[in-house]
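Everything below concerns the one structure shown next.
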Amino acid sequence: MNNVLLHCEKLSKTFRDVGHEVPVLQGITLKVYDHEMIAITGKSGSGKSTLLQLLGGLDQPTSGEIYFNGKAYHSHSASQLDKLHNQEIGFIYQFHHLLPEFSALDNVCMPLLLRKIPIKEVQEQGRAMLAEVGLSDRSTHRIAELSGGERQRVAIARALVTQPSCVLADEPTGNLDQENAEHIFSLMKRLYQSKRISFVIVTHDLSLAKQCDRSFEVSSGALNELA
Ligand SMILES: Nc1ncnc2c1ncn2[C@@H]1O[C@H](COP(=O)(O)OP(=O)(O)O)[C@@H](O)[C@H]1O
Ligand SMILES: [Mg+2]
């Protein structure tokens, strides 16, 4: 049996706005093992993004705990959490969050610039990662000049360039047509297989979700495994 990489236990999240409360997640428990690909589906507004943000340590739960490699997030210092984000966890979003005026290569290299490695080495790693997503010939193009599918490939390269052990993707194909969505999904699957990392993918697309090792649905604050 593989090790548990990411684990949340009885996770609840309630947003408190002035005058009212929005309970979103209620007692969610999930174990993500080393080298598995899981999908999280659910209606819009059901709490998928909230769950992913919590799993990534970008937001705090109202109650419950999240562990990465057995260590609880709440026991990490701010700098340990930063390190976790820069070295262990990669994020991919629906609207890629790339810097439009910078080149594809600069965008991919960005997370490595926080590390104290020579710029030449950073660029070598960035170029190698762009090659893996099939974009060697676009490395000097600005993001603004790339198609939606190409931008998503750059976002994948940026998430993976740090060699994380887990990638969290929030509707990474949500902004693409079916053909491009399938291309991007196959690319993620190929990288997941070759790099032996774990993937948690939020997707509306049940045909993509079915291709994962396990799939879940967020509904009424709970997480249910789909058959
Ligand atoms: N920062 C916030 N403050 C208040 N409510 C929020 C906040 N973020 C999300 N919500 C609410 O939580 C619910 C779940 O949102 P979200 O996790 O984004 O859903 P999904 O990703 O499944 O579409 C929604 O009702 C949303 O309005
Ligand atoms: Mg969402």
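Both counts, for ligands and for their atoms, begin at 1 and track the order of listing. Here, residue 1 is the first one in the sequence, and each next residue gets the next number.
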- Query: Just to confirm, does any protein heavy atom lie below 4.0 Å from atom 26 (C) of ligand 1?
  - Reply: no
- Message: Does Glu179 have more than 12 heavy atoms from other residues, nucleotides or ligands lying within 6.0 Å of its CD?
- Response: no
- Message: If the contact criterion is a heavy-atom separation under 4.0 Å, does Gly42 count as touching ligand 1?
- Response: no
- Query: For Lys71, does the NZ atom sit with more than 12 other heavy atoms under 6.0 Å from it, leaving out its own atoms?
  - Reply: yes
- Parallel, tilted or perpendicular: rings of Tyr192 and Phe199 (30°, 60°): perpendicular
- Tell me, yes or no, whether the heavy-atom count around His97 atom NE2, taken from other residues, nucleotides or ligands under 6.0 Å, exceeds 12. yes
- Message: Does atom CD (Gln163) have a neighbourhood of more than 12 heavy atoms from anything else shown, all under 6.0 Å?
- Response: no
- Message: Would Lys48 count as a polar contact of ligand 1, with the cut-off being nitrogen or oxygen pairs under 3.5 Å?
- Response: yes
- Message: Can you classify the ring geometry of His76 versus Tyr73 as parallel (below 30°), tilted (30 to 60°) or perpendicular (above 60°)?
- Response: perpendicular
- Who's the nearest protein heavy-atom neighbour of atom 19 (O) of ligand 1, and how far? Gly47 N, 3.3 Å
Would you tabulate the side-chain donor-acceptor contacts of residues 105-118 under 3.5 Å, counting partners in other chains and residues two or more places apart, or write 'none'?
residue: Asp106; atom: OD2; partner: Ser103; partner atom: OG; Å: 3.4
residue: Asn107; atom: OD1; partner: Leu99; partner atom: N; Å: 2.7
residue: Asn107; atom: ND2; partner: Leu99; partner atom: O; Å: 3.1
residue: Asn107; atom: ND2; partner: Phe102; partner atom: O; Å: 3.4
residue: Asn107; atom: ND2; partner: Ser103; partner atom: O; Å: 3.0
residue: Arg115; atom: NE; partner: Asn86; partner atom: OD1; Å: 3.2
residue: Arg115; atom: NH2; partner: Asn86; partner atom: O; Å: 2.9
residue: Arg115; atom: NH2; partner: Thr162; partner atom: O; Å: 3.4

- With heavy atoms under 4.0 Å as the rule, classify the contact between Thr50 and ligand 1 as side chain, backbone, both or neither. both
- Task: Indicate if the distance from the Mg ion (ligand 2) to the nearest N, O or S atom of Ser44 falls below 2.8 Å.
- Result: no
- Message: Show the atoms of ligand 1 that are less than 4.0 angstrom away from any heavy atom in Ser44.
- Response: 23 (O)
- Message: Just to confirm my output: which protein heavy-atom neighbour is closest to atom 12 (O) of ligand 1, and how far is it?
- Response: Val24 CG2, 3.2 Å
- Task: Using a strict cut-off of 4.0 Å, indicate which atoms of ligand 1 neighbour a heavy atom of Lys43.
- Result: 22 (O)
- Task: Among all protein heavy atoms, pick the one closest to atom 1 (N) of ligand 1 and tell me residue, atom and distance.
- Result: Phe15 CE2, 3.6 Å
- Query: Among protein heavy atoms, which sits nearest to atom 23 (O) of ligand 1, and what does the distance come to when rounded to 0.1 Å?
  - Reply: Gly45 N, 2.7 Å
- Message: Looking at Phe216, is its backbone amide N or carbonyl O close enough to the side chain of Thr41 to form a donor-acceptor pair, meaning the two atoms are under 3.5 Å apart?
- Response: yes
- Query: For atom 18 (O) of ligand 1, which protein heavy atom lies nearest, and how many Å away is it?
  - Reply: Ser49 CB, 3.7 Å
